[in-house]
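Below, all heavy atoms of this structure are taken into account, side chains as well, without hydrogens, waters or symmetry copies.
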Amino acid sequence: MRTPFAPLLRPITAPLEAIGRVGETAVVVGRTGILGPYPPHRLLAAGAVLRRNGVGLGGVFALAAALRGDHVVAVDDRGASTATDMERRAAQVAAALAAAGVRAGDQVAVMCRNSRHFLATIVALGKIGADILYLNTGFAAPQLREVSAREGAKAMVLDEEFLPVAEGVDLPLFVAWRDGGGRRADGVVSLDDVVCGPPLEPPAHAGRESRQIILTSGTTGTPKGAQRETSSQVAPIVALLSRIPLRTGDVTVVAAPMFHSWGLANAAIGLAFGSRLVLPRRFDPEDTLRLVAEQRASVLVVVPVMLQRIMDLPEKVRRRYDTSSLRVIGLSGSALPGELAVRAMDAFGDVVYNLYGSTEVGWVSIADPADLRGAPGTAGRVPLGTSVRLLDDDDAPVAPGRPGRIFVRSGLLFEGYTGGGGKAVVDGYMSTGDMGHFDEAGRLFVDGRDDDMIVSGGENVFPREVEDLLAEHPSVADVAVVGVPDEEFGQRLAAFVVAADGAEIDPDELRGHVRAALARYKVPRDITVVDELPRNATGKVLRRELRDNPA
């Protein structure tokens, strides 16, 4: 509780709080096992690597090789690579890119699916000190040309399958993953050839850290580039670990795309922790369970729509695979329906962790299994080193229990959009663009995007609570609710639903289901059955497409 004497006590309480944070950090880091033990000669070798490369992206494989060179760090569709293999691969790629004119501070676009080639490429760019623009693998040619030109890319690394999409892009092209069987494109360098070729002269130490440019989800238009430095700070990682029990040596299946924040963050933490990263190029729900069983994975990284597809598998199919090794199913990227979390825990055990955050602000809150059991639909609790405020339209704190605009302060706030501008900031707290509220137990709930709020007849409605209620109905497999123009009320609610297997949708029954739990103005007047909802690569519903094409 804040008292009138709080400012006077601050000189005493601030150092005590700092000591407390250091203690909590030590506990969190200690239980991961990252501190060893390692043999003395390995520590000496690691020290030499750190003196040579510093603590940064470019040295991660070199450090891993110094500590344990034969450790398998990456497994993809074509096999496994040790830390020593990956350091040699990254060094060769860095040398080839530098020989082609890529310099520190240049920006290189990367359009690759999950694989060891993706990891080697970004570590190679870290060695050069080049900035990394992560491109969505779902881009069409016009979007690819627009974004790469707007962001000022000097070169592009892409998988072979995307060469037709990149036609007309006037940049040096380097192919990472080759599908094989076709004639090699003229003027395009294969990084496989580079890696298998004679050793190349390594580039000079960069002297700067790479900036990471991750594109926003782009649910309302052309995605913007959100930039931040590759940070060597431990605070953001400790924040995640304070709520999700990741461990050194985990076997982690990264099914979420690594071109976006959630997949990339887990890959980065896995590299730092000496994990074995299992990297399927394409997501398939049954194949994901097969990988978990075969690799004895302890961590599965997915977005909610992927978990939904896994849970849509017949139970007899899910039971074919031994997933008892799983300690963590980590989710982020879009809203997690509460009923999905509970169903998944009933099937796989209490191992589901859901992170709420964004490309711009990093992680805001994390729901652990106890939170998801106790309050399905919650975004969880604020992790260590992170602070959240709920503000009203005048930037003043809202009363306890009341909804407000969500603002966050942490070590993960982005530096701004590459084209200029950023998110609103109040007293060092950055806006997430969402509305939310805390319950009495301190759990955060996200009510919806502040620009998704539907005003119908003067009443404010956030789609999320209506969607969660409709998702509970046994005939509904997926649902989205948007506001569409209405002459009488300004806007009215329109629901788009996907039928569960073998079910028939009765709109009147669904309206009655909502009416029994919510106010009448929250009952959708329009209910449209669709085969699937339009989503982006991280599973977020493209609401604008639904609003623009309501029938």
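- Annotation for Arg318 and Ile310: closest pair CD-O, 3.5 Å, computed over non-hydrogen atoms.
- Each of Arg150, Glu151, Arg211 was evaluated against Thr418; a single residue qualifies, Glu151, per the side-chain hydrogen bond (donor to acceptor under 3.5 Å, both in side chains) test.
- Looking at Gln295, its side chain never comes within 3.5 Å of a backbone N or O of Val253 through a donor-acceptor pair.
- Side-chain contact between Thr288 and Met306: absent, with no pair of heavy atoms (C-beta onward) separated by less than 4.5 Å.
- Side-chain N or O atoms of Ser358 include none that pairs as donor or acceptor with a backbone N or O of Thr432 at under 3.5 Å.
- Among residues two or more places apart in sequence or in another chain, the salt bridge (Lys or Arg N to Asp or Glu O under 4.0 Å) test is passed with Arg320 by Glu286.
- Counting only heavy atoms from C-beta outward, the side chains of Asp85 and Arg116 never approach each other to under 4.5 Å.
- When side chains are defined from C-beta on, Val157 counts as touching Cys112, because their heavy atoms get closer than 4.5 Å.
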Before giving the answer on side chain to side chain contact (heavy atoms under 4.5 Å, CB included), spell out for Thr252 and Ile269 the whole-Å C-alpha distance, their side-chain angles and the decisive distance to 0.1 Å.
-> CA-CA 10 Å; Thr252 302; Ile269 291 172; over 6 Å; no
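- Between the side chains of Ser324 and Asp322, at least one donor N or O lies within less than 3.5 Å of an accepting N or O.
- Identified under the salt bridge (Lys or Arg N to Asp or Glu O under 4.0 Å) test for residues 256-282, with sequence neighbours left out: Asp159-Arg281, Glu161-Arg281, Glu161-Arg282.
- Using the six-membered ring where Trp is involved, Tyr134 and Phe118 have ring planes that are parallel, under 30° apart on the 30 and 60° scheme.
- The NE2 atom of His71 lies 12.0 Å from the OG atom of Ser81; values are rounded to the nearest 0.5 Å.
- In plain terms, the two heavy atoms of Leu144 and Val165 that are nearest each other are CD2-O, 3.6 Å.
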